[in-house]
Every structure is written in C-alpha cells, then in structure tokens.
Amino acid sequence: QKEVEQDPGPLSVPEGAIVSLNCTYSNSAFQYFMWYRQYSRKGPELLMYTYSSGNKEDGRFTAQVDKSSKYISLFIRDSQPSDSATYLCAMSEQGAQKLVFGQGTRLTINP
Amino acid sequence: GAVVSQHPSRVICKSGTSVKIECRSLDFQATTMFWYRQFPKQSLMLMATSNEGSKATYEQGVEKDKFLINHASLTLSTLTVTSAHPEDSSFYICSARGVSAADTEAFFGQGTRLTVV
C-alpha cells in the first residue's frame, strides 16, 4: 500500500463545474499538506499549504484536511479551461524535510 | 510565493557526455534542495536531498556516481548527469524549502527536459 493514494483520473468536467480532488494517506504523523498544479512540461506550482486539520480558502480554491479520516481534498469552484492540469497532493511529517507525493490527477475542463 | 529558478529548461546531449543542471532559490535561502525525476504521466520520484556544505543523500537505487550533486551555497544546487545514456532522458525538477527545510512550503523550479541522443 502506498503512503499516499490519489486517483490518477483522467477527470473531465464542463467549464463552470465544481471540481473535487482527493487524496488519502496512511501515515498519521503527516502534519503538513500541500496541493500543487502542474502544467505539461512545467514544474509544479504550489496552490495551497495547510497545517493539521481544517479548511483553507484562496480565491476559487479550497483545501480541506480531515486527519481523523486521513483524507484531504481540493475544491475548485467555477472551473476554467485554464485549470486543466495535473494536480498533485503532497504531505510531510512535522520536522521532516521530505515530501511524499500522490500520483497526481489529470484534470481537463471542457469549454 | 518564493521563486526557484532552474536552468536550462531543455537540453539535448550526445550519449557519453555530461550535463549540468542548475537550481537557484532567488528570494530565499534554502539549506536543503531536492532533485526529482519525472517520467511521462507519472508522479515525481525523489532522487536525492541536497544539503548546503555537505554530501547529498541519495534515495535507494539512485547512482550517486552518475548523478553528482553539489550544493555550493544557500541559493544554488547543481545536478550533473555524467556519461549520459538515452535511458537518462527524462524531466528533472528541483525543489527548495525554507532555511529550516522542514515545516515550510516547498517551491519547485521549472524543470529541465533532458534528451540524450
């Protein structure tokens, strides 16, 4: 079993829809959670960074962390074709240098 | 967010030659940088952790003599692919976290697409 599980997709939704992306994990020591967006042939871009449980909102993006269920989510409201990319979740333990990544979900927003 | 600059973005080299990739943190100091390799449609594979002023820590299965890492300053790490072969063709990405390395956001460079012919 992988430490972090993420459905690779592909996921295709119409423009304007609400997108829900999820990751589950097995390591209860993870405390820091990140979501990255990666366009083809580019480096990942940090979208959201959260510590422990709770919600965080930034514009059209909302990140949720449920540590009791070992489950994190990224919601995208009013999705745009420019949101089409691969979304990677990543997490780390307190005091740890390394990040553990999910496999990434390929998302396409259709105009 | 912080900026990590990676250069070159694309490089083509002949088999048997060496290629150097640079990773710079432009507006923050990074005691630790990370080097990843990414195959098409796959996630990031950590190759090594680069520590300023000391030897890099390589992940299991990564040849340290083939992938030389030098972290000369708090803002610069380099990855040199020595005696490159076609199977080394891949997308290489660097990442840096803040001075403490732990418990901070990680920012990525733009990536380098290496093609060995």
Side-chain angles (χ1 to χ4, degrees), chain A residues 2-11 21 23-25 27 29-52 56 58-59 61 63 65 84-108, chain B residues 1-7 9-10 21 23-25 28 30-52 54 56-60 71 90-115:
Chain A
K2 293 180 181 179
E3 245 183 323
V4 179
E5 298 276 0
Q6 183 177 8
D7 186 341
L11 179 63
L21 303 168
C23 289
T24 59
Y25 61 95
N27 184 352
F30 285 144
Q31 295 279 2
Y32 295 89
F33 304 91
M34 291 159 246
W35 284 97
Y36 290 88
R37 177 175 62 195
Q38 186 177 23
Y39 292 114
S40 180
R41 300 174 184 253
K42 299 292 184 183
E45 172 193 7
L46 180 66
L47 286 176
M48 301 292 280
Y49 174 72
T50 55
Y51 169 72
S52 195
K56 186 173 184 178
D58 184 0
F61 299 92
V65 176
S84 299
T86 295
Y87 289 80
L88 295 150
C89 65
M91 44 199 82
S92 68
E93 298 181 20
Q94 182 127 18
Q97 294 180 339
K98 295 181 189 179
L99 298 181
V100 181
F101 283 88
Q103 188 176 350
T105 300
R106 294 184 66 194
L107 172 67
T108 300
Chain B
V3 178
V4 175
S5 177
Q6 187 173 341
H7 178 80
S9 58
R10 300 182 69 176
I21 302 170
C23 181
R24 294 180 184 272
S25 56
F28 69 104
T31 309
T32 304
M33 292 185 178
F34 306 89
W35 288 95
Y36 295 86
R37 185 172 178 175
Q38 188 175 35
F39 294 101
K41 300 184 181 181
Q42 293 191 22
S43 191
L44 305 170
M45 183 188 78
L46 180 64
M47 298 174 65
T49 302
S50 166
N51 300 296
E52 187 266 338
S54 63
T57 303
Y58 290 82
E59 295 299 301
Q60 190 174 7
H71 196 145
S90 191
F91 193 55
Y92 293 87
I93 313 174
C94 70
S95 171
R97 298 181 85 170
V99 172
S100 68
D103 309 342
T104 60
E105 301 96 314
F107 298 96
F108 285 83
Q110 306 94 317
T112 298
R113 182 159 302 281
L114 170 64
T115 303

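Within every chain, numbering begins at 1; the chains are lettered A, B, ... in the order of the sequence lines, protein sequences first and strands thereafter. Only heavy atoms go into these numbers, but all of them, side chains included; no hydrogens, no water, no symmetry mates. Values in this document were obtained by computation on a predicted structure and should not be read as measured data.
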>> Looking at every heavy atom in both B:A106 and B:R97, which two are closest together, and how far apart are they?
In response: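 Where B:A106 meets B:R97 most closely, the heavy atoms are CB-CG, 3.6 Å.
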
>> Evaluate B:Y36 against A:F101 for side-chain contact (heavy atoms from CB on, under 4.5 Å), listing each step before the verdict.
In response: CA-CA 11 Å; B:Y36 295 86; A:F101 283 88; 3.5 Å; yes

>> Tell me if a side-chain donor or acceptor on A:T105 pairs with a main-chain N or O of A:D7 at a distance below 3.5 Å.
In response: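 Yes, A:T105 side chain to A:D7 backbone: donor-acceptor pair under 3.5 Å.
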
>> What I'd like to find out is whether the side chain of A:L11 reaches to under 4.5 Å of the side chain of A:T108, using heavy atoms alone.
In response: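 Side chain of A:L11 against side chain of A:T108, heavy atoms only: no contact under 4.5 Å found.
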
>> Counting heavy-atom pairs under 4.5 Å with chain B, which one of A:R41, A:Q6, A:M34 comes out on top?
In response: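 Max contact count across the listed options: A:R41.
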
> Of the backbone (N, CA, C, O) and the side chain (C-beta and beyond), which part of B:Q6 lies under 4.5 Å from a heavy atom of chain A, both, or neither?
Replying inline: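 Interface part for B:Q6: neither.
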
> For A:Q38, is it the side chain, the backbone, both or neither that has a heavy atom under 4.5 Å from a heavy atom of chain B?
Replying inline: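 Side chain of A:Q38 only, per the 4.5 Å heavy-atom cut-off to chain B.
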
> Where does A:Y36 contact chain B at under 4.5 Å (heavy atoms): side chain, backbone, both or neither?
Replying inline: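 Contact with chain B involves the side chain of A:Y36 alone.
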
